[in-house]
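Here is the structure we will look at, set down as structure tokens.
What you see is a predicted model; the values in this text were computed from it and never measured.
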Amino acid sequence: MTLIGLGLVAAAAGPALAANEPEAEPASTTWALQPADAAGPDGRVSLRHVLDGGAGASDHVALTNFGERPATFAVYASDGTVTDDGLFDLLPAGEEATGAGSWITVSPGEVATVRDGGGVTVQVPAASTVTLPVEIDVPSGATPGDHPVGVVAELVRGGERSIGVASRVGVRVHLRVAGDVVAELVPQVLSASYRPSWNPFARGTLEVEVDVANAGNVRLGSRTVVTTAGPWGAGRAERREEVRELLPGQSASVVLELPVVPLFRAGGDVGVEPVVVGEDDVDVRLEPGTASFTAWAVPWSQIALVLLIVGSVVAGRVLRRRAAVRVQARIDAAVAEATARPVGSRGDEPPVE
């Protein structure tokens, strides 16, 4: 399990007992990682720095062990990403940072030791907090804009009985390299399809899948608006969807469903409005991105209803006509039988004596 974010407190159960060991009270470790100054946690929600290429900065993180026994942690920096659920996360444990995570060094200070693979290893006594220095060194040729990164504290489990799960908490680092800011979101319609309702008196559903790409160099939120209408603007409908955060170079797919009146063909537009996230400073004009689409919206259920009505009317007329023909045939037969008898014939009366 991976837990990333300020103020998150991780609780990890102790190692499982061997089959021949007596059952004991389960042990647990609970800890947190927070932004700090040299004296300890300072109330910030993240580490935030704007640096020129080739410049550096110093900061701190505070690691607190809330458990009843000492615990050992690996503290290191890693590249950041945003998951499909819109949550900030870091690379999986053991995966080497190749981006801004490689620009950050967690120093051992007086309490930790250097860790193979980067970062430090530190043992924190029970109910105690240790403060670790963090050094940021931006390469001289770094690209201007936001570079997602974070510092993570991972519980180190020892012994052969350890559980193979990485339990981590982290602090996000908002790191921006100074320079020209580009804020641009580009929408692309991946598909647009109509799904009819088999109730002829109900609207169908237009499903539009839109890919929103961050083509700029700063993180942005997005507000996607899809509008659609039939011929001459009839049956207009609108739907909105928000994406909380898109990192530079990242894209996210959103699916929007709109109730529409099927008028054989539906055209529409997609507008994506960039949104500033959190306390970020984006001092450029935010221009919306646009795209358009068309989709067939054939009213199959309504056509079926019309055909059923027309078929019923035609069938009714045919049945009435056949019934009229049968009645007329009986009348004609009766008339023919009556006219076929000789005049004055009383064949149905008894003879006169």
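Residues Val275 and Val277 form no side-chain contact, since every pair of their non-hydrogen atoms from C-beta on lies 4.5 Å or further apart. Residues Asp180 and Pro144 have side chains not in contact (no heavy-atom distance under 4.5 Å, counting atoms from C-beta outward). In this structure, Thr143 and Asn217 have side chains that are not in contact, with every pair of non-hydrogen atoms separated by 4.5 Å or more. Contact check for Val270 versus Val225: no side-chain heavy atoms found under the 4.5 Å cut-off. At a threshold of 4.5 Å between non-hydrogen side-chain atoms, the residues Thr29 and Asn65 count as touching. A 4.5 Å side-chain heavy-atom check between Glu184 and Leu220 finds every atom pair outside the cut-off. With a 4.5 Å cut-off on side-chain heavy atoms, Leu63 and Val75 count as touching. Residues Val177 and Leu51 form no side-chain contact, since every pair of their non-hydrogen atoms from C-beta on lies 4.5 Å or further apart.
Across Ser78 and Leu90, no two heavy atoms sit closer than the pair O-CD2, 3.7 Å. The minimum heavy-atom distance linking Phe88 with Val149 is given by the pair CZ-O, 3.7 Å. Across Phe66 and Ala32, no two heavy atoms sit closer than the pair CE1-CB, 3.7 Å. Between Pro41 and Thr129, the shortest heavy-atom distance links the atoms CD-CG2, 4.5 Å. Residues Ala112 and Val122 approach most closely at CB-CB, 3.8 Å, considering heavy atoms. Of all heavy-atom pairs between Thr131 and Ala38, the closest is CG2-O, 4.0 Å.
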Please step through side-chain contact (heavy atoms from CB on, under 4.5 Å) for the pair Gln188 and Leu190, ending with a clear verdict.
CA-CA 6 Å; Gln188 179 185 3; Leu190 300 180; 4.2 Å; yes
Please walk me through it: do Arg244 and Leu87 pass side-chain contact (heavy atoms from CB on, under 4.5 Å)?
CA-CA 9 Å; Arg244 185 167 63 183; Leu87 302 176; 2.8 Å; yes
Assess whether side-chain hydrogen bond (donor to acceptor under 3.5 Å, both in side chains) is satisfied between Ser222 and Glu273, documenting all intermediate values.
CA-CA 6 Å; Ser222 74; Glu273 178 185 349; over 6 Å; no
CA sep, side-chain torsions, deciding dist, call: Phe293, Thr228, side-chain contact (heavy atoms from CB on, under 4.5 Å):
CA-CA 9 Å; Phe293 65 91; Thr228 184; 4.3 Å; yes
Under the criterion side-chain contact (heavy atoms from CB on, under 4.5 Å), I'd like the reasoning laid out for Val260 against Arg203: C-alpha separation, chi angles, the key distance, then a yes or no.
CA-CA 5 Å; Val260 296; Arg203 296 186 177 192; 5.8 Å; no
Audit row: Phe264, Trp296, ring-ring contact (aromatic ring centres under 6.0 Å, His included) steps and yes/no
CA-CA 6 Å; Phe264 290 96; Trp296 290 105; 8.3 Å; no
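The existence of a salt bridge linking Arg240 and Glu242 is excluded, since no basic side-chain nitrogen approaches an acidic carboxylate oxygen closer than 4.0 Å. A salt bridge between Arg239 and Glu241 is absent, with no side-chain N of the basic residue lying under 4.0 Å from a carboxylate O of the acidic one. Under a 4.0 Å N-O distance rule, the pair Asp89/Arg172 does not qualify as a salt bridge. A salt bridge links Asp280 with Arg48: at least one charged nitrogen is closer than 4.0 Å to a carboxylate oxygen. Salt bridge Arg195/Glu257: present, at least one basic N to carboxylate O contact under 4.0 Å.
To the nearest 0.5 Å, the span separating OG on Ser58 from CG on Asp37 amounts to 13.0 Å. Atom OG1 of Thr224 and atom CG of Asp211 lie 10.0 Å apart (nearest 0.5 Å). The CD atom of Gln34 sits 11.5 Å away from atom CG of Leu47, with the distance rounded to the nearest 0.5 Å. Atom CG in Asp79 sits 9.5 Å away from atom CD1 in Ile104 (nearest 0.5 Å). Atom-to-atom distance recorded for Thr205:OG1 and Leu258:CG is 9.0 Å, nearest 0.5 angstrom. For the atom pair NE2 (His60) and CD (Glu135), the distance works out to 8.0 Å, reported to the nearest 0.5 Å.
Other residues, nucleotides and ligands place no more than 12 heavy atoms under 6.0 Å from the CD atom of Glu68. Crowding of Glu95 atom CD: a count of heavy atoms from other residues, nucleotides or ligands under 6.0 Å exceeding 12.
There is a side-chain donor-acceptor pair under 3.5 Å between Glu154 and Tyr76.
A donor-acceptor pair under 3.5 Å is absent between the side-chain atoms of Ser128 and the main chain of Val124, judged by distance alone. Judged by distance alone, the side chain of Gln328 and the main-chain N or O of Val325 form no donor-acceptor pair under 3.5 Å. In this structure, the side chain of Asn214 engages the main chain of Val218 through a donor-acceptor pair within 3.5 Å.
The hydrophobic clustering, which links ILVMFWY residues whose side-chain heavy atoms are closer than 4.5 Å, places Val106 and Val130 together. The same ILVMFWY cluster, assembled from side-chain heavy atoms under 4.5 Å apart, contains both Val189 and Val272. Transitive grouping of hydrophobic side chains (ILVMFWY, heavy atoms separated by less than 4.5 Å) keeps Trp198 and Tyr194 in distinct clusters. No chain of hydrophobic side-chain contacts below 4.5 Å, direct or via other Ile, Leu, Val, Met, Phe, Trp or Tyr residues, connects Val82 to Val254. By the rule that hydrophobic residues join a cluster once side-chain heavy atoms approach within less than 4.5 Å of another member, Val284 and Leu185 end up as members of one cluster.
Sorted pairs that involve residues 102-122 and meet side chain to side chain donor-acceptor pair (under 3.5 Å), not counting sequence neighbours, are lacking altogether.
Evaluation of the side chain to side chain donor-acceptor pair (under 3.5 Å) rule for Asp146 yields Arg176 as partners, not counting sequence neighbours.
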